[in-house]
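Worksheet for the structure shown next.
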Amino acid sequence: EAQVTQNPRYLITVTGKKLTVTCSQNMNHEYMSWYRQDPGLGLRQIYYSMNVEVTDKGDVPEGYKVSRKEKRNFPLILESPSPNQTSLYFCASSLFGGGSYNEQFFGPGTRLTVL
Amino acid sequence: QQPVQSPQAVILREGEDAVINCSSSKALYSVHWYRQKHGEAPVFLMILLKGGEQKGHEKISASFNEKKQQSSLYLTASQLSYSGTYFCGTVRSGTYKYIFGTGTRLKVLA
């Protein structure tokens with residue numbers, strides 16, 4: 001089954017404790033992206049990746065890191081989480097870059113709470 | 001800046017129609033529409049690539065006016081399953097950044 005998976009689905013952590021949210025897709029997509037969703041602010045792009053070893057900032061990259069060492073995986077790293085990073089996070093992928101000509105497939109989401 | 005959607009929220013009875021608008025202050029070269037049900041991930045509805053293009057998806061269709069930098073989503077004879085939040089989205093010109101609109105919450109009542 002074609003899908004995007006994220007883990008964990010729910011996470012409660014404390015300020016400053018490094019964490020990684022994993023994202024994996026099995027569709028051989030080139031473009032992958034991370035979004036955060038907050039009430040009243042909608043979906044905002046954090047980082048995206050055009051292909052292996054090619055990543056770039058979205059609109060809200062501060063406090064986050066990403067890497068793309070394999071085509072299928074695109075982990076989101078919070079090296080020192082803070083309460084303002086409490087949010088619902090989605091990973092997404094599409095066949096080609098930018099999603100201009102392709103739909104994005106979304107993972108199920110990760111609800112992160114930073115205390 | 002995010003594309004602005006209107007209305008922000010709408011409540012319908014089953015069988016009624018609705019129009020959701022998406023307006024951008026910057027040039028739009030393509031528009032995508034997604035629906036997100038409560039507690040779930042967004043799901044793709046359709047892409048419009050050219051000005052003047054119209055598409056249909058069951059009883060949901062959309063139009064794209066490139067000159068006006070606007071797109072509209074039309075929901076006809078709404079069903080309970082149409083409830084959710086609708087987002088337009090686009091790729092920022094000259095980049096591969098993706099940006100979603102402000103969203104429209106739609107609720108269909110029996």
Side-chain angles (χ1 to χ4, degrees), chain A residues 2-6 9-10 21 23 25 27 29-51 54-61 66 68 74 87-111, chain B residues 1-9 20 22-24 26-51 53 55 57 60 62 64 66 71 84-106:
Chain A
Q3 61 182 347
V4 179
T5 56
Q6 292 179 231
R9 295 288 313 279
Y10 303 91
V21 183
C23 172
Q25 51 92 5
M27 295 169 279
H29 284 172
E30 292 187 354
Y31 187 89
M32 296 187 74
S33 186
W34 276 102
Y35 298 91
R36 61 178 289 173
Q37 185 171 30
D38 303 289
L41 296 175
L43 286 151
R44 294 177 294 168
Q45 191 176 49
I46 303 170
Y47 269 95
Y48 64 92
S49 171
M50 295 293 293
N51 213 324
V54 182
T55 63
D56 206 348
K57 296 176 181 178
D59 280 339
V60 287
V66 293
R68 186 97 179 269
F74 190 44
S87 187
L88 178 59
Y89 291 86
F90 288 103
C91 179
S93 72
S94 65
L95 187 58
F96 297 122
S100 189
Y101 299 97
N102 309 109
E103 65 182 282
Q104 291 189 75
F105 294 82
F106 283 81
T110 295
R111 188 166 291 282
Chain B
Q1 283 186 342
Q2 288 178 290
V4 176
Q5 292 181 227
S6 62
Q8 286 187 310
I20 298 171
C22 172
S23 183
S24 174
K26 301 197 175 198
L28 281 175
Y29 299 103
S30 66
V31 178
H32 315 158
W33 285 96
Y34 289 82
R35 176 172 62 205
Q36 183 180 28
K37 292 186 179 288
H38 183 68
E40 298 181 7
V43 174
F44 169 80
L45 294 176
M46 65 189 79
I47 289 178
L48 299 103
L49 295 175
K50 296 182 292 187
E53 183 172 16
K55 279 196 174 178
H57 178 77
I60 301 175
F64 178 24
E66 196 172 1
S71 178
T85 301
Y86 290 78
F87 292 98
C88 63
T90 190
V91 178
R92 280 236 176 92
S93 173
T95 77
Y96 290 100
K97 289 185 183 182
Y98 196 86
I99 185 165
F100 281 97
T102 51
T104 295
R105 292 190 310 278
L106 185 141

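Order of the sequence lines sets the chain letters (A, B, ...), proteins ahead of strands, with each chain counted from 1.
- Within a 6.0 Å sphere centred on CZ of B:Arg92, heavy atoms belonging to other residues, nucleotides or ligands number more than 12.
- Under the salt bridge (Lys or Arg N to Asp or Glu O under 4.0 Å) criterion, A:Asp38 pairs with A:Arg36, A:Arg44, not counting sequence neighbours.
- Using a 4.5 Å heavy-atom cutoff, the side chains of A:Ser33 and B:Tyr98 are not in contact.
- Only the side chain of A:Tyr35 comes within less than 4.5 Å of a heavy atom of chain B; its backbone N, CA, C and O stay farther away.
- Considering only heavy atoms from C-beta on, A:Gln104 comes within 4.5 Å of B:Tyr34 through its side chain.
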Quiz item: After noting the C-alpha distance and the side-chain angles of A:Gln37 and B:Phe100, does the key distance pass the side-chain contact (heavy atoms from CB on, under 4.5 Å) rule?
Solution: CA-CA 11 Å; A:Gln37 185 171 30; B:Phe100 281 97; over 6 Å; no
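- Put simply, NZ on A:Lys57 and NZ on B:Lys97 are 9.0 Å apart, with the number rounded to the nearest 0.5 Å.
- Under the 3.5 Å distance criterion, the side-chain polar atoms of A:Tyr31 are matched with a main-chain donor or acceptor of B:Tyr96.
- Sorted by first and then second residue, the salt bridge (charged side-chain N to carboxylate O under 4.0 Å, His left out) pairs with a member in residues 26-39 of chain B form an empty list; sequence neighbours excluded.
- Of all the listed residues (B:Glu40, B:Gln8, B:Gln36, B:Gln2), the one sharing the greatest number of non-hydrogen pairs under 4.5 Å with chain A is B:Gln36.
- B:Ala41 and A:Pro108 get closest at one heavy-atom pair: CB-CA, 4.5 Å.
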